[in-house]
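Here is the structure we will look at, set down as structure tokens.
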Amino acid sequence: MKEQSNIPTSKVERAGRFVTTGLKVGSNYIKHYTRKLMDPSTTKEALHQDNAADIYDTLSNLKGSALKVAQMLSMDKGMLPKAYTEKFAMSQYSAPPLSGPLVVNTFVKTLGKSPTQLYDTFEMQAANAASIGQVHKATKAGKTLAVKIQYPGVANSVKSDLRIVKPFAIRIVGMNEVDMDKYFDEIESKLLEETDYKLELRRSMDLSAACAHIPNLRFPGYYPDMSSERIITMDWLEGKHLKEFLQTDPSREVRNKIGQALWDFYQFQVHSLKQVHADPHPGNFLMRPDGTVGIFDFGCVKEVPLDFYENYFLLVDKEVLKDEKRRHEIYTNLEMIHPTDTPKEVEFFSGLFQHMIDLLTLPFTVDTFDFGNETYFNEIYAYMDELYNMKEIRDSKVARGSRHSLYINRTYFGLYSILSELKANIITGNNRIKELAKS
């Protein structure tokens, strides 16, 4: 993969790249409508592919929060056309890496030593590269290490990048600007945290230790003395990312073990720790033929406020939701319906949300659940598509859902997606959650 020798860091230069990309996207639309005049049967698929390629090319070279938004969008399979999700998914672990001189410069600036002075060996070519940083392989005192290096200028460009990328997100997703303003504030706060590698190092060590008892999970050890505000050194974990792992044709037993470990990992964090690894894309997990899974990258951790937690998980309680007055109160607390809604709007949105909740909480209401059930996921995607195209939702003047729901929903969608790919059949009922809490 071609390396980058520099990353645009000034606001003017980064904004200029977006303007150029906007012109390309506009040109793609003109080409599409010209083709359609010549051939009325022309679909939007070619347009989506052209736009996805041009937007991803810009974002992958800018790195940082702009590319991170693409990564987040790639996980929402019901939100984007397939061409976007496939292209943006590359940001999870295969963005263009930095060149050697930029890597060395980061070490000298933040640790006062070059990689060769700090480690016994250091592979200058990145093992993988994502949105915020890239990873190199190294050795020290007989241990194989993974060294995560943050791209230059990432922390300083979060706010300006999000202002620039918002119009693209609005156009691609179709969400109105009211929603984007509300949720982009939440995204900004989490992205700023992700650029704080000292915070990530502390959370990585704390959460790894807290979850170490969960069966079939493997966490790296961390090395604060070889880490800085832009570098994290940890043990190298062996394993394959999800797509590569599935190509090895693992047995159902192995897939179920990994699926159960991931389910347990997330339920224990949410219900017992009230904070959760909120970046469940396949690039953060390494799967192994013995049914264990390596977990790393605690840069994005969502702390769950108690009042939100209590209301959010009341949605799983079917008996509570039978009480219309109580259900209305929960929906209001979660900002799914608003005090300014008319009775007609309350009835309309309550009905929509109730059906969505019935679908998404189904795994919690049974003792075991087969995530390989394609009918279940097809129904979810079909319903999300139906919601996306509803005029009442697109014209809504208020954002539906608490800002806290953004990363919690994203976490569960990401988890469900991985479990679906694994076709895992696992224990999901409330008793399992209680057992994890006791352990």
Practice prompt. Over all heavy atoms of both residues, which pair between Ala141 and Asp120 is shortest? Give the atoms and the distance, please.
Written response: N-OD2, 2.8 Å
Practice prompt. Using the salt bridge (Lys or Arg N to Asp or Glu O under 4.0 Å) rule, take Arg403 and Glu335 through it: C-alpha gap first, then chi angles, then the decisive distance, then the call.
Written response: CA-CA 9 Å; Arg403 62 180 289 170; Glu335 301 175 45; over 6 Å; no
Worksheet item: Do Phe298 and Phe296 have ring centres separated by under 6.0 Å?
Response: no
Worksheet item: Is a donor on one side and an acceptor on the other found under 3.5 Å between the side chain of Arg288 and the backbone of Val293?
Response: no
Discussion item. What I want to check is whether the side chains of Tyr222 and Asp235 have a donor and an acceptor closer together than 3.5 Å.
Written reply: no
Worksheet item: OG of Ser228 to CG of Leu111: how many Å apart, nearest 0.5 Å?
Response: 4.0 Å
Practice prompt. Check the pair Arg203, Asp196 against salt bridge (Lys or Arg N to Asp or Glu O under 4.0 Å), reporting the backbone distance first and the verdict last.
Written response: CA-CA 11 Å; Arg203 282 175 163 172; Asp196 184 348; over 6 Å; no
Discussion item. Just so I know, are the side chains of Phe308 and Ser402 near enough to count as touching, which here means a heavy-atom distance under 4.5 Å?
Written reply: yes
Discussion item. Is it the case that the side chains of His404 and Tyr309 hold a donor-acceptor pair, with the cut-off being a distance below 3.5 Å and no angle test?
Written reply: no
Fill in: Note: Glu186-Lys302 ion pair, threshold 4.0 Å (strictly below)
yes
Practice prompt. With salt bridge (Lys or Arg N to Asp or Glu O under 4.0 Å) as the test, would you mind laying out the steps for Glu319 and Arg326 before giving the verdict?
Written response: CA-CA 10 Å; Glu319 291 304 312; Arg326 186 76 177 98; over 6 Å; no
Worksheet item: Hey, is the main chain of Ser114 close enough, under 3.5 Å, to the side chain of Gln117 for a donor-acceptor pair?
Response: yes
Discussion item. If you define the side chain from C-beta out and look only at heavy atoms, does anything of Val104 sit under 4.5 Å from Phe107?
Written reply: no
Item to complete: May I ask you to test the Asp264-Ile426 pair for a side-chain heavy-atom distance under 4.5 Å?
Response: no
Discussion item. Between Asn409 and Tyr312, do the side chains contain a donor N or O and an acceptor N or O under 3.5 Å apart?
Written reply: yes
Practice prompt. Could you tell me which non-hydrogen atom of Leu315 sits nearest to which non-hydrogen atom of Ile357, and how far apart they are?
Written response: O-CG2, 3.5 Å
Worksheet item: Quick check: does any side chain N or O of Asn311 sit under 3.5 Å from a backbone N or O of Asp307, one acting as donor and the other as acceptor?
Response: yes
Worksheet item: Phe268 vs His213 aromatic rings, parallel, tilted or perpendicular, using cut-offs 30° and 60°?
Response: perpendicular
Worksheet item: Which of these passes side chain to side chain contact (heavy atoms under 4.5 Å, CB included) with Gln134: Asn128, Val103, Val147?
Response: Val103
Discussion item. Salt bridge (Lys or Arg N to Asp or Glu O under 4.0 Å), that's the test. Do Glu193 and Lys190 meet it? Break it down for me.
Written reply: CA-CA 5 Å; Glu193 288 182 7; Lys190 301 317 296 177; 2.8 Å; yes
Discussion item. With a 4.5 Å cut-off on side-chain heavy atoms, are Pro115 and Leu118 touching?
Written reply: no
Worksheet entry | Nearest-0.5 Å distance that lies between atom CD in Glu229 and atom CG in Leu201 | 12.0 Å
Discussion item. Taking Asp279 first and then Arg410, would you say they form a salt bridge - that is, a charged N and a carboxylate O separated by under 4.0 Å?
Written reply: yes
Worksheet item: Would you say the side-chain atoms of Thr144 and Thr139 include a donor-acceptor pair closer than 3.5 Å?
Response: no
Worksheet entry | Distance (rounded to the nearest 0.5 Å) between Leu145 CG and Ile232 CD1 | 13.5 Å
Worksheet item: How many angstroms lie between atom OH of Tyr331 and atom CZ of Arg400, to the nearest 0.5 angstrom?
Response: 12.5 Å
Practice prompt. Could you tell me whether the side chains of Gln260 and Asn256 share a donor-acceptor contact shorter than 3.5 Å?
Written response: no
Fill in: Check: Glu329 side chain, Lys325 main-chain N or O, donor-acceptor pair, under 3.5 Å
no
Worksheet item: Considering only heavy atoms from C-beta outward, does the side chain of Phe371 approach that of Glu421 to under 4.5 Å?
Response: no
Worksheet item: Between Glu374 and Lys423, is the closest basic N to carboxylate O distance under 4.0 Å?
Response: yes
Worksheet item: Do Leu286 and Ile295 come close enough that some side-chain heavy atom pair is under 4.5 Å?
Response: no
Discussion item. Less than 4.5 Å apart, side chain to side chain, heavy atoms only: is that true for Thr248 and Glu244?
Written reply: no
Practice prompt. Examine the side chains of Tyr119 and Lys113 and answer whether a donor and an acceptor come within less than 3.5 Å of each other.
Written response: no
Practice prompt. Just do the ring pair (Phe, Tyr, Trp, His ring centres under 6.0 Å) check on Phe285 and His241 with the steps written out, would you?
Written response: CA-CA 6 Å; Phe285 306 105; His241 294 302; 9.3 Å; no
Worksheet item: What distance separates Leu436 CG from Trp263 CH2, expressed to the nearest 0.5 Å?
Response: 10.5 Å
Worksheet item: Counting only N and O atoms by type, is there a donor-acceptor contact under 3.5 Å from the side chain of Glu347 to the main-chain atoms of Lys344?
Response: no
Discussion item. Over 60° means perpendicular and under 30° means parallel, so tell me whether Tyr412 and Tyr416 are parallel, tilted or perpendicular.
Written reply: perpendicular
Worksheet entry | Value rounded to 0.5 Å, distance of CZ in Phe413 from CD1 in Ile380 | 7.0 Å
Fill in: His271 side chain to Lys434 side chain, donor-acceptor N/O pair below 3.5 angstrom
no
Worksheet item: Sub-3.5 Å donor-acceptor pair from the side chain of His277 to the main-chain atoms of Asp297, do we have one?
Response: yes
Item to complete: For Arg230 and Thr110, test the side chains for any donor-to-acceptor distance below 3.5 angstrom and give the result as yes or no.
Response: no
Worksheet item: Looking at Ile231 and Tyr197, what are the two nearest heavy atoms and their distance?
Response: N-CD2, 3.5 Å
Discussion item. Can you tell me if Lys274 has over 12 outside heavy atoms packed within less than 6.0 Å of its NZ?
Written reply: yes
Discussion item. Checking the side chain of Thr428 only, and the main-chain atoms of Pro363 only, is there a donor and an acceptor separated by less than 3.5 Å?
Written reply: yes
Worksheet entry | Donor-acceptor contact below 3.5 Å, side chain Lys257 vs main chain Asp290 | yes
Worksheet item: Looking at Leu242 and Pro282, what are the two nearest heavy atoms and their distance?
Response: CB-CB, 4.0 Å
Worksheet item: Heavy atoms, side chains only, cut-off 4.5 Å: are His328 and Ile337 in contact?
Response: yes
